[in-house]
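Have a look at the structure below, then the notes.
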Amino acid sequence: MTRSPKILVFDSGLGGLTVFSEIAKIRPNAEFVYCADDAGFPYGSWGEPELVARILAVMAAQIDQHEPDIVVIACNTASTLALPQLRARWPGVLFVGTVPAIKPAAAMSRTKLISVLATPGTVARDYTQKLIQEFAGGCAVTLVGSKHLAKLAESAIHGEEIADGAIASEIASCFVQREGARTDVIVLACTHYPLLLESFARLAPWPVDWIDSAPAIARRADQVLVENLGPDAPNGDAPRRRAIFTSGAAPSESLAATLARYGLPAA
Ligand code: DGL
């Protein structure tokens, strides 16, 4: 027997909406809770032990309250650090994480110069180094840990105007020229960054392929659900969806309108 699953999508902020919207396309009948740990944002600059403790605490509250079938950690900074601890703590809950798409980037690159644009936390992770060793042996990989981009993306989705110069200086070191070759693939290894993709493409010194892993994460979440609960089931009622902010702050009018465009009324 199949039923509509309850999916908890989690990020430090609103970057995970880029993943949520892809899952919602594949699983339109699912019940969704989108949880933004805005009280802990940004995660990129947290120390590792403190961040693990934070994520486990937020998850404990969310899992207790919502009893999801699956939790999608729509955050590279959290996934590259805390997935093993989450799976160990809640063995009965399905978890799907978001990690830098280094494997497809290496396969796609012709110049074999690729860059990974992420938070300072994600570029410092052992997990990221392991991905590079395992999948990008033939490539020169430039890791760029941006201090400000996640905050700029968060401000943009809150309706603020962001100066081009602020974005351009954060992405500049992704573009490498060496022995007549240039970077041709850049991994968007933070779920906030696809929110700024139009600006990235416009401000890039030369065209590159930008890899957003959101569609692949959504396919993976769907596959895990099919394996464990069965295919999407029709749902008589309108699907229930809501956004939760750990700060308890009510979204501004402009943010509420943006969330509504994503099909997410704030709770
Ligand atoms: N969206 C998060 C990620 O994918 C990180 C943003 C942050 O909190 O620094 O890594």
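Reckoned from all heavy atoms, side chains included, excluding hydrogens, waters and symmetry mates. Start at 1 and go down the list; that is how both ligands and their atoms are numbered.
Summarising the geometry, atom CG belonging to N228 is positioned 9.5 Å from atom CG belonging to D69; distances are rounded to the nearest 0.5 Å. Rounded to the nearest 0.5 Å, atoms CG (L117) and OG1 (T142) are 11.5 Å apart.
E154 and K151 are not joined by a salt bridge, as no carboxylate oxygen comes within less than 4.0 angstrom of a charged side-chain nitrogen.
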Can you give me a line-by-line list of nitrogen or oxygen pairs between ligand 1 and the protein shorter than 3.5 Å?
{"residue": "ligand 1", "atom": "1 (N)", "partner": "D11", "partner atom": "OD1", "Å": "3.0"}
{"residue": "ligand 1", "atom": "1 (N)", "partner": "D11", "partner atom": "OD2", "Å": "3.4"}
{"residue": "ligand 1", "atom": "1 (N)", "partner": "T191", "partner atom": "OG1", "Å": "2.9"}
{"residue": "ligand 1", "atom": "1 (N)", "partner": "H192", "partner atom": "ND1", "Å": "2.8"}
{"residue": "ligand 1", "atom": "4 (O)", "partner": "N76", "partner atom": "N", "Å": "2.8"}
{"residue": "ligand 1", "atom": "4 (O)", "partner": "N76", "partner atom": "ND2", "Å": "3.2"}
{"residue": "ligand 1", "atom": "4 (O)", "partner": "T191", "partner atom": "N", "Å": "2.8"}
{"residue": "ligand 1", "atom": "4 (O)", "partner": "T191", "partner atom": "OG1", "Å": "3.2"}
{"residue": "ligand 1", "atom": "8 (O)", "partner": "S12", "partner atom": "OG", "Å": "2.6"}
{"residue": "ligand 1", "atom": "8 (O)", "partner": "Y43", "partner atom": "N", "Å": "2.6"}
{"residue": "ligand 1", "atom": "9 (O)", "partner": "Y43", "partner atom": "N", "Å": "3.3"}
{"residue": "ligand 1", "atom": "9 (O)", "partner": "G44", "partner atom": "N", "Å": "3.0"}
{"residue": "ligand 1", "atom": "10 (O)", "partner": "N76", "partner atom": "N", "Å": "3.3"}
{"residue": "ligand 1", "atom": "10 (O)", "partner": "T77", "partner atom": "N", "Å": "3.0"}
{"residue": "ligand 1", "atom": "10 (O)", "partner": "T77", "partner atom": "OG1", "Å": "2.5"}

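Annotation: side-chain hydrogen bond (donor to acceptor under 3.5 Å, both in side chains) contacts involving residues 46-58, sequence neighbours excluded, comprise D37-R54, E48-R125. Residue pairs meeting the salt bridge (charged side-chain N to carboxylate O under 4.0 Å, His left out) criterion with at least one partner in residues 156-173, sequence neighbours excluded, are D164-R202.
Remark: F32 pairs with F20 by the ring-ring contact (aromatic ring centres under 6.0 Å, His included) rule, at least two apart or across chains.
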